[in-house]
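Step one of this worksheet: look at the structure below.
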There are 2 protein chains.
Amino acid sequence: MFRLSKGAEYAIRGILHLSMQPEGKVSFVEEIGEAQDVPKAYLAKIFQSLTKKGFLKSTRGQGGGFTLIKPPAEITVNEVIEAMEGPIYLNDCLVSKDACERETFCPVHELWQKAQTSFMDVIINCTFEELAKAGKVKREKCESKSGAA
Amino acid sequence: MFRLSKGAEYAIRGILHLSMQPEGKVSFVEEIGEAQDVPKAYLAKIFQSLTKKGFLKSTRGQGGGFTLIKPPAEITVNEVIEAMEGPIYLNDCLVSKDACERETFCPVHELWQKAQTSFMDVIINCTFEELAKAGKVKREKCESKSGAA
DNA sequence: GGAAATAGGATAAAAGAGGTCTTAAATACT
DNA sequence: AGTATTTAAGACCTCTTTTATCCTATTTCC
Ligand code: SF4
Ligand code: SF4
């Protein structure tokens, strides 16, 4: 089934949250979980793994929490998804050269290649800097609307 | 995880097989399963559901089997996948207008919309007539190569 | 009636989603 | 220095859904 897992969805929300904070800000799980509407126990686990993968820095104890290590401009949506779900491939024949023995004569293979490329292009070319910027714009628009009403 | 299910993969192989047969030909599951390398009991069930969805006609008893009802030119890959897996949507917020309450201010929503569109475009614009034609070409090329060697 | 096919139900294994509880580290307050 | 508090790390658990498959019943023709 072609669906983003909750784990990756939450990871994106979490990193987006951090991207929208002032640089170097330390946030803790409970705060982020509440703001982004993510179960905190789950988010904690996700952040653990994002820390291991080098996206975040964690500090324990009072005043501790998580900080973004990489600049948002250098994190793509694609990277975060792959960190959570492993490599993305839409069909077996795209995982490696000879994963499917039918590939030599199967006309569907090319279709998947094309579909995968056009899908990946979109998420590879989207950084969290862009998302954060778009997020601020969208929020302002949203607030001015409810303010006017 | 963004992966095509085996069910849909096998359905595509099955319909492709029928698309490459002379029109109106009745094929039975065992034959197709062998040719397309699909477990026959599984394929049988898949064909059942494709029959219910109106892609195939089935006849039971001796001399029975399955026939394509729709002309290959009018079947898209997308349709077959949706018949097997239900509607395709990459993320919750794409299933319906207000599936995700965060949509009003979430900047990621637009990204998914874009990704989904460019992915779907590819599979919507691919009919089994094209695939069958490409399959014939590919097979000939393949045979001439092994013949020359 | 018997062989050839499909119809449909049952099932086993894997992935996904989330929770709990204990341990470790850092700070803050005596 | 010592203790309490705050926060993450890590290990373990459970429940549900999806995926992939098999097995038996039923229909139809000869
Ligand atoms: S699309 Fe063709 S090559 Fe790809 S996995 Fe399916 S059969 Fe193999
Ligand atoms: S991407 Fe944004 S709108 Fe879509 S499901 Fe996630 S939070 Fe909701």
Side-chain angles (χ1 to χ4, degrees), chain A residues 1-14 18 25-34 36-69 81 83-92, chain B residues 1-14 18 25-34 36-53 55-69 81-92:
Chain A
M1 225 203 284
F2 297 106
R3 210 90 74 219
L4 184 72
S5 68
K6 291 284 177 207
E9 160 82 16
Y10 293 160
I12 292 174
R13 285 194 208 172
L18 293 176
K25 163 103 195 278
V26 177
S27 319
F28 48 101
V29 170
E30 183 142 11
E31 175 192 319
I32 304 174
E34 235 151 86
Q36 299 294 318
D37 197 31
V38 176
K40 60 191 160 207
Y42 200 6
L43 186 61
K45 199 173 318 182
I46 289 166
F47 269 23
Q48 252 177 68
S49 108
L50 288 174
T51 303
K52 275 191 199 149
K53 300 258 165 62
F55 291 91
L56 309 176
K57 193 186 71 183
S58 73
T59 30
R60 304 215 246 193
Q62 203 167 32
F66 293 92
T67 327
L68 258 189
I69 288 187
I81 295 176
M84 295 306 299
E85 307 192 351
I88 295 176
Y89 49 97
L90 300 180
N91 200 354
D92 291 339
Chain B
M1 225 199 285
F2 297 106
R3 209 91 72 220
L4 185 72
S5 67
K6 292 280 177 212
E9 161 81 17
Y10 292 160
I12 292 173
R13 286 194 208 171
L18 292 177
K25 162 105 191 275
V26 177
S27 317
F28 47 98
V29 170
E30 181 142 14
E31 175 193 319
I32 304 173
E34 231 151 89
Q36 299 293 319
D37 198 29
V38 175
K40 61 189 157 207
Y42 198 4
L43 187 62
K45 170 121 31 140
I46 290 167
F47 270 22
Q48 252 176 68
S49 104
L50 289 174
T51 303
K52 273 190 202 152
K53 300 260 163 60
F55 292 89
L56 308 176
K57 193 186 69 181
S58 73
T59 28
R60 304 219 246 191
Q62 201 170 34
F66 292 92
T67 327
L68 257 189
I69 287 186
I81 296 176
E82 296 212 327
M84 296 305 300
E85 307 192 350
I88 295 177
Y89 50 98
L90 300 180
N91 200 352
D92 291 340

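Worth knowing before you read on, the calculation uses all heavy atoms, side chains too, and leaves out hydrogens, waters and symmetry mates.
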Could you tell me whether the side chain of A/Lys45 has a donor or acceptor atom within less than 3.5 Å of a complementary atom in the base of C/dG19?
-> yes
Heavy atoms under 4.0 Å, any strand shown: does B/Ala44 hit a base, just sugar-phosphate, or nothing?
-> nothing
5′-ward residue of the pair A/Lys6/B/Phe28 relative to DNA chain C | B/Phe28
Take the protein atom [atom1] of [X] and the nucleotide atom [atom2] of [N], then report the distance between them rounded to whole Å.
X: A/Asp37; N: C/dG18; atom1: CG; atom2: C1'; value: 14 Å
X: B/Glu34; N: C/dA5; atom1: CD; atom2: P; value: 13 Å
X: B/Arg13; N: D/dA20; atom1: CZ; atom2: P; value: 12 Å
X: A/Lys40; N: D/dG10; atom1: NZ; atom2: P; value: 20 Å
X: B/Glu30; N: C/dA4; atom1: CD; atom2: P; value: 10 Å
X: A/Met1; N: C/dA17; atom1: CE; atom2: P; value: 10 Å
X: A/Arg3; N: D/dT18; atom1: CZ; atom2: P; value: 9 Å
X: B/Tyr42; N: C/dG8; atom1: OH; atom2: P; value: 17 Å

Go through A/Leu56 and A/Leu68 one step at a time and tell me if the side chain to side chain contact (heavy atoms under 4.5 Å, CB included) criterion holds.
-> CA-CA 5 Å; A/Leu56 309 176; A/Leu68 258 189; 3.7 Å; yes
Steps toward side chain to side chain contact (heavy atoms under 4.5 Å, CB included) verdict (B/Phe55, B/Leu18) | CA-CA 11 Å; B/Phe55 292 89; B/Leu18 292 177; over 6 Å; no
A/Glu85 (side chain) donor-acceptor with A/Ala8 (main chain) under 3.5 angstrom = no
Side-chain donor/acceptor of B/Glu82 to backbone N/O of B/Ile88, under 3.5 Å | yes
OP1, OP2 of C/dG18 versus side-chain N and O of A/Tyr10: anything below 4.0 Å?
-> yes
Report the C-alpha distance between A/Leu90 and B/Leu4 in whole Å, list the side-chain angles of each, state the deciding distance to 0.1 Å, and finish with yes or no for side chain to side chain contact (heavy atoms under 4.5 Å, CB included).
-> CA-CA 6 Å; A/Leu90 300 180; B/Leu4 185 72; 5.9 Å; no
From C/dT6, D/dA9, D/dT19, nucleotide with atom closest to A/Gln48 side chain = D/dA9
Contact residues, residues 56-69 of chain B to DNA chain D [heavy atom, < 4.0 Å] | B/Arg60, B/Gly61, B/Gln62
Are more than 12 heavy atoms from other residues, nucleotides or ligands located less than 6.0 Å from atom NZ of B/Lys57?
-> no
Could you go step by step and tell me if B/Arg13 and B/Ile32 meet the side chain to side chain contact (heavy atoms under 4.5 Å, CB included) rule?
-> CA-CA 9 Å; B/Arg13 286 194 208 171; B/Ile32 304 173; over 6 Å; no
